[in-house]
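A short worksheet on the structure shown next.
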Amino acid sequence: RLPDTTNYLFPFLYQTVYFIDLEVYMKGKRTFYCEFVYVIGIVVLALGTALMERANFGMSMVVAPAYLIHLKVSQFLPFFSFGMAEYVFQAFLLVVLSLIMRRGKKGYLLSFVTAFIYGMILDAVMFLVALLPFEGVVWRIVLYVVGMVVCAIGVALLFHTYFPPEAYELFVKELAEKFHMPIGKMKTIYDCCSCALGVILSLCFFGALVGVQWGTIVCAIINGWLIGRISRFLEDKFVFKDALPLRNRL
């Protein structure tokens, strides 16, 4: 490490050594463009959600309310898919967020666009996953575990892009800033409220726990830890850069 005075006395030398040190640090890492991260993250997240739905051991506490709305409404409107329930419920969350914040933002609309794209991809992936010839408890456990890990990978990928996230993450981030709370604490509060809402909807709609089962609890316990580990792995292996000049516009 060079002395601080080197920056003033020999700026060229300081910048050259810094550049070489940065190159050594970056050696072995590959570039991952944020725009591709966004697309891949949405597809991977949809795949993980579809696998967990096929396993039928309980959805994550975040998507449980939308899933239950889908199950109930589809009894009367068969075309009302899980993907549609997702972006409709997220639109509701964005309206609630706008009322709490007392104003709307361009980011809220873009967040709905993300939710809409995710919902469309989710329906397509669920159709494909339904074709898998996997039956029995053992295969269901495999699908659940793989689905939970894949979901965590999708969320970790989306954390490394500049595109607006889904309403779930945006809701937590905005409220944490408004009420000056650590985002981790606000995330815990939101997850608990979402899980409670899922239980209430399940009991009201079906008189039993549907969509909220032991898998939901397992996911709630380890999901945050899993996302953190995957995020660190991604940061160790990749350098995330912008391919298009869209960051400031969004």
Side-chain angles (χ1 to χ4, degrees), residues 41-97 108-109 111-137 139-148 150-151 154-155 158 165-171 190-220 223:
I42 290 179
V43 174
V44 169
L45 182 59
L47 175 60
T49 303
L51 291 173
M52 290 185 68
E53 194 277 338
R54 176 69 188 273
N56 196 27
F57 285 131
M59 305 300 296
S60 74
M61 59 283 175
V62 175
V63 304
Y67 181 65
L68 288 162
I69 293 172
H70 151 64
L71 292 179
K72 185 62 177 180
V73 176
S74 62
Q75 292 179 346
F76 308 97
L77 301 173
F79 64 86
F80 192 77
S81 64
F82 187 12
M84 293 178 66
E86 275 281 21
Y87 57 74
V88 167
F89 183 72
Q90 291 191 49
F92 169 76
L93 279 181
L94 292 173
V95 171
V96 172
L97 179 61
Y108 297 176
L109 179 59
S111 178
F112 175 75
V113 172
T114 298
F116 182 79
I117 296 173
Y118 166 75
M120 298 291 287
I121 295 175
L122 176 60
D123 286 340
V125 174
M126 284 188 62
F127 174 78
L128 297 176
V129 169
L131 301 177
L132 295 176
F134 298 143
E135 302 293 342
V137 175
W139 277 116
R140 289 174 60 200
I141 293 175
V142 172
L143 290 174
Y144 171 80
V145 173
V146 173
M148 183 169 57
V150 171
C151 276
V155 173
L158 291 174
E166 290 189 277
Y168 304 124
E169 289 78 18
L170 185 65
F171 194 91
Y190 178 83
D191 286 350
C192 291
C193 292
S194 182
C195 187
L197 178 60
V199 172
I200 293 172
L201 291 177
S202 181
L203 294 177
C204 291
F205 290 164
F206 307 105
L209 291 180
V210 177
V212 182
Q213 303 177 39
W214 64 265
T216 304
I217 299 175
V218 172
C219 187
N223 195 48

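Every value quoted in this text rests on a predicted model; they were computed, and no experiment measured them.
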Exercise: identify the closest heavy-atom pair between Ala50 and Met126: CB-CG, 3.6 Å
Note, Glu53 side chain near Met59 side chain (heavy atom, < 4.5 Å): yes
Partners meeting side chain to side chain donor-acceptor pair (under 3.5 Å) with Glu135 (sequence neighbours left out): Arg54
Nearest-0.5 Å distance that lies between atom CD in Glu166 and atom CG in Leu93: 10.5 Å
Heavy-atom check, side chain of Pro65 versus side chain of Leu201, under 4.5 Å: yes
Residue pair Gly48 / Cys151: nearest heavy atoms and the distance that separates them: C-SG, 3.2 Å
Those residues that, when tested against Ser194, pass side chain to side chain donor-acceptor pair (under 3.5 Å) (two or more places apart): none
pair Val96-Phe92: side-chain heavy atoms closer than 4.5 Å: yes
Separation between OG of Ser60 and CD1 of Ile217, rounded to the nearest 0.5 Å: 13.5 Å
Pairing residues for Phe134 by the ring pair (Phe, Tyr, Trp, His ring centres under 6.0 Å) criterion, not counting sequence neighbours: Trp139
Of all pairs that satisfy salt bridge (Lys or Arg N to Asp or Glu O under 4.0 Å), the ones with a partner from residues 191-217, not counting sequence neighbours: Lys187-Asp191
Listed partners of Ser81 passing side chain to side chain donor-acceptor pair (under 3.5 Å), at least two apart: Asp123
Donor-acceptor contact present, side-chain Thr49 to main-chain Leu45, <3.5 Å: yes
Any donor-acceptor N/O pair, Tyr67 side chain to Gly211 backbone, under 3.5 Å: no
Phe116: ring pair (Phe, Tyr, Trp, His ring centres under 6.0 Å) partners, not counting sequence neighbours: Tyr87
Test ring pair (Phe, Tyr, Trp, His ring centres under 6.0 Å) applied to Phe112 - qualifying residues, sequence neighbours left out: none
Contact check, side chains of Glu169 and Leu158, non-hydrogen atoms, under 4.5 Å: no
Within residues 203-216 or reaching into it, pairs that qualify as side chain to side chain donor-acceptor pair (under 3.5 Å) - sequence neighbours excluded: none
From OH (Tyr108) to CG (Leu97), nearest 0.5 Å: 4.0 Å
Non-hydrogen atoms of Met52 and Cys219 that approach each other most closely: CE-SG, 4.5 Å
Polar side chain donor-acceptor pair, Glu86 to Tyr168, under 3.5 angstrom: yes
Side-chain heavy-atom pair Leu94, Leu170 within 4.5 angstrom cut-off: yes
Closest heavy-atom pair and its distance - Ala55, Arg140: O-NE, 2.8 Å
Asn56: partners by side chain to side chain donor-acceptor pair (under 3.5 Å), with sequence neighbours left out: none
side-chain contact (heavy atoms from CB on, under 4.5 Å) involving Phe206 - partner list, sequence neighbours excluded: Leu68, Leu71, Lys72, Gln75, Val210
Contact check, side chains of Leu47 and Leu51, non-hydrogen atoms, under 4.5 Å: yes
Leu203: side-chain contact (heavy atoms from CB on, under 4.5 Å) partners, not counting sequence neighbours: Val199, Leu209
Nearest heavy-atom neighbours spanning Ala46 and Val125: O-CG1, 4.1 Å
Partner residues of Tyr118 under the ring pair (Phe, Tyr, Trp, His ring centres under 6.0 Å) criterion, sequence neighbours left out: none
Residue pair Met84 / Phe79, side-chain heavy-atom distance below 4.5 Å: yes
Any donor-acceptor pair under 3.5 Å from Ser74 side chain to Phe80 backbone: no
Any Met148 side-chain heavy atom under 4.5 Å of Phe57 side chain: no
